[in-house]
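First the structure, in the form of structure tokens, and then the observations on it.
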Amino acid sequence: MTAPITQDLLTIPRKLPETALKNIVGLTRDQLRDALVEAGTPEKQAKMRVGQIWQWVYHWGVRDFAQMTNLAKDYRAFLAERFEIAVPEIVTRQVSADGTRKYLLRIAGGHEVETVYIPEESRGTLCISSQVGCTLTCSFCHTGTQKLVRNLTAGEIVGQVMVARDDLGEWPVQGAPKDETRLVSNVVLMGMGEPLYNFDNVRDAMKVVMDGEGISLSRRRITLSTSGVVPEIAKTAEEIGCLLAVSFHATTDETRNMLVPVNKKWNIETLLNALREYPRLSNSERITFEYVMLDGVNDSDADARRLVKLIRGIPAKINLIPFNEWPGVAYKRSSWERIEAFADIVHKAGYASPIRTPRGEDIMAACGQLKTATERGRKTAAQIAAEARV
């Protein structure tokens, strides 16, 4: 069986625009301190200034230096001349019948990515992107049909969280009683792109998101999903320490090569060996194995039995994902009876096997469906060939 998706899009590369102002969003504390000193802030004052600016930007959600009232007016003017507080721009905002919100966001250079907010009774999860497009070409994933344009900067990753908090009205109000309610209580790096192919920017962004004096999400509220970029898995444990999810989706190399082509580089055995070390390295909770249920491809009882045998010894849960279909895809969602039978085998083997409820399908916001709506900056191969003949 061959992968049913062929890529017909060629990327027209675009350089990031050069600006005179340095964006503060996404800088770690050390990076912000260095930037302030380089701009002319006395070194003895720099640590204090970082703390003040940090609280305004990440606790109060302020975007204007003029509003930072515990800074002297001349220093506010100094900052405004050299820095900016910039986040992605909302191009479109769609709300599903189930309350899911999907944002199409424009970032530097005119590129666009999608971010999804999923409200639930006990939490609100924000699914954020790490790349424009993707290199992995997973055959069941809509994003995989769009070629990689570029990595997101740390500021563009953090900016997605800030934009969602803007839209939800989640920033605290000065002088109002403290409200501990968290609308964005969890972040999952499961949007567009492979986070571990943009490791440094993802790491720095998560340092900002986890900082206790700002957005303040604990590492156990952040889950990074990878398709299996083995060399970066140990680094994730050591330098980020968040929870880990793995897009697994198959129990044989033959099937996984088709579904998740990165498996040809790091096969199932190599991946599982790396994962066995992850809980020890990061002191994290269970690893989540994401498993999309594809009719007649990976959903048999034999697959379920192989799965539990493969992951034996790894603290884990199996997240079963009913396939979210999209126009042009060759796969079908497994029947509900087949999914339940698969889940039963996994559960009886001693692993939690929740079946993920599809969310936001009516606005193409469900797992595996993300793909930017715009064709700006991209043309089909046929269009480019036709233009070349003119």
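Everything numeric here is computed off the predicted structure, so don't read it as measured data.
Judged by distance alone, with hydrogens and angles left aside, the side-chain atoms of His59 form no donor-acceptor pair with the main-chain N or O of Ile215 at under 3.5 Å. With hydrogens and angles disregarded, a donor-acceptor distance shorter than 3.5 Å links the side chain of Arg219 to the backbone of Gly241. Between the side chain of Glu38 and the main chain of Ala35, no donor-acceptor pair closer than 3.5 Å is present. Within the 3.5 Å criterion, the main-chain N or O of Ala66 finds a donor-acceptor partner in the side chain of Arg76. Counting only distance, with no hydrogens or angles, the side chain of Glu213 and the backbone of Gln55 share no donor-acceptor pair below 3.5 Å. Between the side chain of Asp253 and the backbone N or O of Asn267, no donor-acceptor pair lies under 3.5 Å.
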key: Stepwise side-chain contact (heavy atoms from CB on, under 4.5 Å) test for Ile314 and Leu272   = CA-CA 9 Å; Ile314 300 175; Leu272 290 175; 4.0 Å; yes
Show your working on side-chain contact (heavy atoms from CB on, under 4.5 Å) between Thr115 and Val163 and close with a plain yes or no.
CA-CA 10 Å; Thr115 303; Val163 165; over 6 Å; no
Q.
As a quick check of understanding, evaluate side-chain contact (heavy atoms from CB on, under 4.5 Å) for Tyr103 and Val113, giving each step before the final call.
A. CA-CA 8 Å; Tyr103 307 98; Val113 294; over 6 Å; no
Kindly indicate, with the supporting measurements, whether the criterion side-chain contact (heavy atoms from CB on, under 4.5 Å) is fulfilled by Leu189 and Ile128.
CA-CA 5 Å; Leu189 286 144; Ile128 62 178; 3.7 Å; yes
- With salt bridge (Lys or Arg N to Asp or Glu O under 4.0 Å) as the test, would you mind laying out the steps for Arg123 and Glu120 before giving the verdict? CA-CA 5 Å; Arg123 64 182 181 179; Glu120 298 176 79; 3.4 Å; yes
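The salt bridge (Lys or Arg N to Asp or Glu O under 4.0 Å) test applied to Asp166 returns Arg63, not counting sequence neighbours. Asn273 is linked by a side chain to side chain contact (heavy atoms under 4.5 Å, CB included) to Glu269, Arg276, counting only residues two or more places apart in sequence or in another chain. Residues satisfying the salt bridge (Lys or Arg N to Asp or Glu O under 4.0 Å) test with Asp211, not counting sequence neighbours, are Arg29. A search for ring-ring contact (aromatic ring centres under 6.0 Å, His included) contacts involving Trp54 returns Tyr58, not counting sequence neighbours. Residues that satisfy the side-chain hydrogen bond (donor to acceptor under 3.5 Å, both in side chains) test with Lys332, not counting sequence neighbours, are absent from this structure. With sequence neighbours excluded, the residues that form a side chain to side chain contact (heavy atoms under 4.5 Å, CB included) with Ala86 are Asn23, Glu84. Take Arg82 and apply the side chain to side chain contact (heavy atoms under 4.5 Å, CB included) test, not counting sequence neighbours, and it matches Ala39, Phe78. Listed by chain and number, the residues in a side-chain hydrogen bond (donor to acceptor under 3.5 Å, both in side chains) with Ser353 amount to none (sequence neighbours excluded). In this view, Thr92 satisfies the side-chain hydrogen bond (donor to acceptor under 3.5 Å, both in side chains) rule with no residue, not counting sequence neighbours. For Glu239, the salt bridge (Lys or Arg N to Asp or Glu O under 4.0 Å) partners are Arg203, not counting sequence neighbours. Legend: residues meeting side chain to side chain contact (heavy atoms under 4.5 Å, CB included) with Glu121, ordered by chain and number and at least two apart, are absent.
For Gln131 and Asn151, the side-chain atoms include at least one donor-acceptor pair closer than 3.5 Å. No donor-acceptor contact under 3.5 angstrom links the side chains of Asn201 and Asp204, judged on distance only. Thr41 and Tyr75 form a side-chain donor-acceptor contact under 3.5 Å, judged by distance and modelled atom types alone. Side-chain contact, Ser96 with Asp98: a donor N or O sits under 3.5 Å from an acceptor N or O. For the residue pair Trp56/Gln52, the side-chain donor-acceptor check at 3.5 Å is not satisfied.
At a threshold of 4.5 Å between side-chain heavy atoms, the hydrophobic network of Ile, Leu, Val, Met, Phe, Trp and Tyr places Val87 and Ile90 in one connected group. Both Leu36 and Val62 belong to a common hydrophobic cluster when Ile, Leu, Val, Met, Phe, Trp and Tyr are linked at side-chain heavy-atom distances under 4.5 angstrom. Grouping the Ile, Leu, Val, Met, Phe, Trp and Tyr side chains by contacts below 4.5 angstrom, directly or via other members, places Val187 with Leu168.
A distance of 12.0 Å separates CE of Met293 from NE2 of His249, quoted to the nearest 0.5 Å. Here the CG atom belonging to Asn319 is positioned 14.0 Å from the CD1 atom belonging to Ile287, to the nearest 0.5 angstrom. For the atom pair CZ of Arg221 and CE of Met210, the computed distance is 14.5 Å after rounding to the nearest 0.5 Å. Annotation: the span from Ile24 atom CD1 to Leu79 atom CG amounts to 6.0 Å, rounded to 0.5 Å. In this structure, the separation between CG on Leu71 and CG on Asp74 is 10.0 Å, given to the nearest 0.5 Å. Residue Arg165 holds its CZ atom at 11.0 Å from OH of Tyr117, rounded to the nearest 0.5 Å.
Partner of Ser247 under the side chain to side chain donor-acceptor pair (under 3.5 Å) criterion, chosen from Glu290, Glu194, Arg256: Glu290.
Pairs engaging residues 294-308 under the side chain to side chain donor-acceptor pair (under 3.5 Å) rule: Thr251-Asp303, Thr251-Arg306, Asp299-Ser334, Ser300-Asp303, Asp301-Arg338, Asp303-Arg306 [sequence neighbours left out].
Annotation: Gln174, atom CD; neighbour count of heavy atoms from other residues, nucleotides and ligands within 6.0 Å is above 12.
Pairing each heavy atom of Cys127 with each of Gly191, the nearest pair is SG-N, 3.4 Å. Minimum interatomic distance between Tyr291 and Leu307 (heavy atoms only, all atoms of both residues): CD1-CD2, 4.1 Å. Ser185 approaches Arg182 most closely through the heavy-atom pair CB-O, 3.8 Å.
Residues Leu152 and Ile107 form a side-chain contact, since some pair of their non-hydrogen atoms from C-beta on lies under 4.5 Å apart. Looking at Glu112 and Val132, their side chains never come closer than 4.5 Å, going by heavy atoms from C-beta outward. Within the 4.5 Å cutoff, the side chain of Ser129 has heavy atoms near those of the Gln160 side chain. The shortest distance between side-chain heavy atoms of Thr236 and Tyr278 falls below 4.5 Å. Residues Thr226 and Glu232 have side chains not in contact (no heavy-atom distance under 4.5 Å, counting atoms from C-beta outward). You'll find the side chain of Met162 stays beyond 4.5 Å of the side chain of Val209, heavy atoms only. Side-chain contact check for Glu114 versus Lys102: some heavy-atom pair is nearer than 4.5 Å. Residues Glu156 and Leu105 have side chains not in contact (no heavy-atom distance under 4.5 Å, counting atoms from C-beta outward).
In this pair, Phe323 and Tyr331 present their aromatic rings perpendicular. The plane angle is above 60°, beyond the 30 to 60° band.
Both the sub-6.0 Å distance and the 45° axial angle are not jointly satisfied by Lys317 relative to the ring of Phe289.
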